[in-house]
Amino acid sequence: MSEVRDRLALALDVGGPDDAEALARRLEPWFGIAKIGLELYAEAGPAMIERLRALGLAVFADLKLYDIPNTVERAARVLGRRGVDFLNFPAAGGAAMLEAGVRGLAAGARAGGHPPSKALAVTVLTSDADVSTFDARLEAATLAGCDGVVCSAHEIASVMERAPGLATMVPGIRLPDDAHHDQARVATPADAISRGADWLVIGRAVTAATDPEATAEAITRDVADGLARRAHTR
């Protein structure tokens, strides 16, 4: 199941750094990527990146850097030097800002002696039902040389058709009987993977579960089914 594990990002929106590290340690057999969001980063700072890397996890810094290009480039360079594997930038900032982020992230990874990091452009949040800006944001991501986009499962087909060189990081993942909470555009793990998602971001579906390990195992099976379905249709 290593292929499944490498596709799953655990959203550590669970409180302080010790709680986050403990949960990441528990679920590391099923999740190969740990996502650090704004709340955890504000609480723990960049040291959290090293703590999660020490567990053998790839790190997705979900910080959505959005500012003038020079500031974004410099911040991305710092995070790249810290060894993040994924970093995102709102595509609403435009192609010039995204390009600066891509450039800074690559330079930082080289300076830190790390493998190349993946720059992801955030298209439309999965909590937003209005996707009218998606096409323009996808175009900005393509022009800027991003490695991929953050989008819902419902936009994967459009990415594959219009920007096949971009990978997809897909949040808004729920098991069939889960509440949608604040998410407007959701999909099950199998559905998102079968549509072509490269990575899935999973948070409350597992972190709020009564038995997180059992839920992680169920998600793993669901993703494996989705990959089999995807291979069968190609």
Side-chain angles (χ1 to χ4, degrees), residues 5-25 27-28 31-123 137 140-150 165-171 198-201 203:
R5 180 179 178 272
D6 291 343
R7 293 178 181 274
L8 297 182
L10 178 64
L12 292 170
D13 306 318
V14 294
D18 292 340
D19 291 337
E21 183 177 348
L23 185 60
R25 193 181 296 276
L27 295 175
E28 177 271 336
F31 289 84
I33 306 167
K35 184 179 83 72
I36 301 174
L38 286 172
E39 181 181 356
L40 180 57
Y41 195 80
E43 180 80 21
M48 199 70 219
I49 298 168
E50 282 77 20
R51 292 176 69 167
L52 293 170
R53 283 173 56 85
L55 298 179
L57 293 163
V59 174
F60 171 20
D62 179 18
L63 302 180
K64 300 181 180 72
L65 300 186
Y66 189 170
D67 211 306
I68 62 171
N70 184 60
T71 298
V72 167
E73 181 174 354
R74 291 164 67 92
R77 185 181 297 118
V78 171
L79 289 161
R81 195 165 59 243
R82 289 278 185 177
V84 301
D85 299 275
F86 304 86
L87 179 63
N88 60 4
F89 313 84
M97 189 204 78
L98 292 175
E99 186 176 2
V102 170
R103 187 166 55 245
L105 184 61
R110 286 195 301 270
H114 304 294
S117 304
K118 291 181 171 57
L120 306 176
V122 181
T123 55
R137 292 176 181 181
T142 303
L143 291 172
C146 290
D147 300 292
V149 295
V150 180
L166 296 182
T168 51
M169 177 76 77
V170 179
D198 292 288
W199 307 284
L200 305 181
V201 179

A.B. asks: Write out all pairs satisfying salt bridge (charged side-chain N to carboxylate O under 4.0 Å, His left out) with one or both partners inside residues 97-122, taking only residues at least two apart or from two chains.
C.D. replies: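 Found Glu73-Arg103.
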A.B. asks: Could you report the tightest heavy-atom contact between Ala119 and Phe89, atom names first, then the distance?
C.D. replies: CB-CE1, 3.9 Å
A.B. asks: With sequence neighbours left out, which residue pairs that include part of residues 56-66 fulfil the salt bridge (charged side-chain N to carboxylate O under 4.0 Å, His left out) condition?
C.D. replies: Lys35-Asp62, Asp62-Lys64
A.B. asks: For Ala144 versus Ala95, what's the shortest heavy-atom pair and its separation?
C.D. replies: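 Heavy atoms only, the tightest pair is CB-O, 3.6 Å.
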A.B. asks: Could you tell me which non-hydrogen atom of Met97 sits nearest to which non-hydrogen atom of Pro90, and how far apart they are?
C.D. replies: CE-O, 3.3 Å
A.B. asks: Rounded to the nearest 0.5 Å, how far apart are OG1 of Thr168 and CG of Asp198?
C.D. replies: 4.0 Å
A.B. asks: For Ala75, which residues count as a side-chain contact (heavy atoms from CB on, under 4.5 Å) partner, sequence neighbours excluded?
C.D. replies: Leu65
A.B. asks: Which value, rounded to the nearest 0.5 Å, describes the distance between Leu10 atom CG and Ile33 atom CD1?
C.D. replies: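 Between Leu10 CG and Ile33 CD1, I get 10.5 Å after rounding to 0.5 Å.
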A.B. asks: Working to the nearest 0.5 angstrom, can you tell me the gap between Leu87 CG and Leu63 CG?
C.D. replies: 6.5 Å
A.B. asks: Go through the structure and list residues passing side-chain contact (heavy atoms from CB on, under 4.5 Å) with Ala121, not counting sequence neighbours.
C.D. replies: Ala91, Leu98, Ala141, Cys146, Val149
A.B. asks: May I ask you to decide if Val72's main-chain N or O and Asp67's side chain share a donor-acceptor pair within less than 3.5 Å?
C.D. replies: no
A.B. asks: Is the distance between the ring centroids of Trp199 and Phe86 under 6.0 Å?
C.D. replies: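 Close enough - the centres of the two rings lie under 6.0 Å apart.
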A.B. asks: List the residues meeting salt bridge (charged side-chain N to carboxylate O under 4.0 Å, His left out) with Arg137, not counting sequence neighbours, and say none if there are none.
C.D. replies: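 Here no residue qualifies.
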A.B. asks: Pairs under 3.5 angstrom only: tabulate donor-acceptor contacts from the side chains of residues 40-58 to other protein residues two or more places apart or in another chain.
C.D. replies:
unit_1, atom_1, unit_2, atom_2, d
Arg51, NE, Glu21, OE1, 2.7
Arg51, NH2, Asp18, OD1, 2.8
Arg51, NH2, Glu21, OE1, 2.6
Arg53, NH1, Gly83, O, 2.9

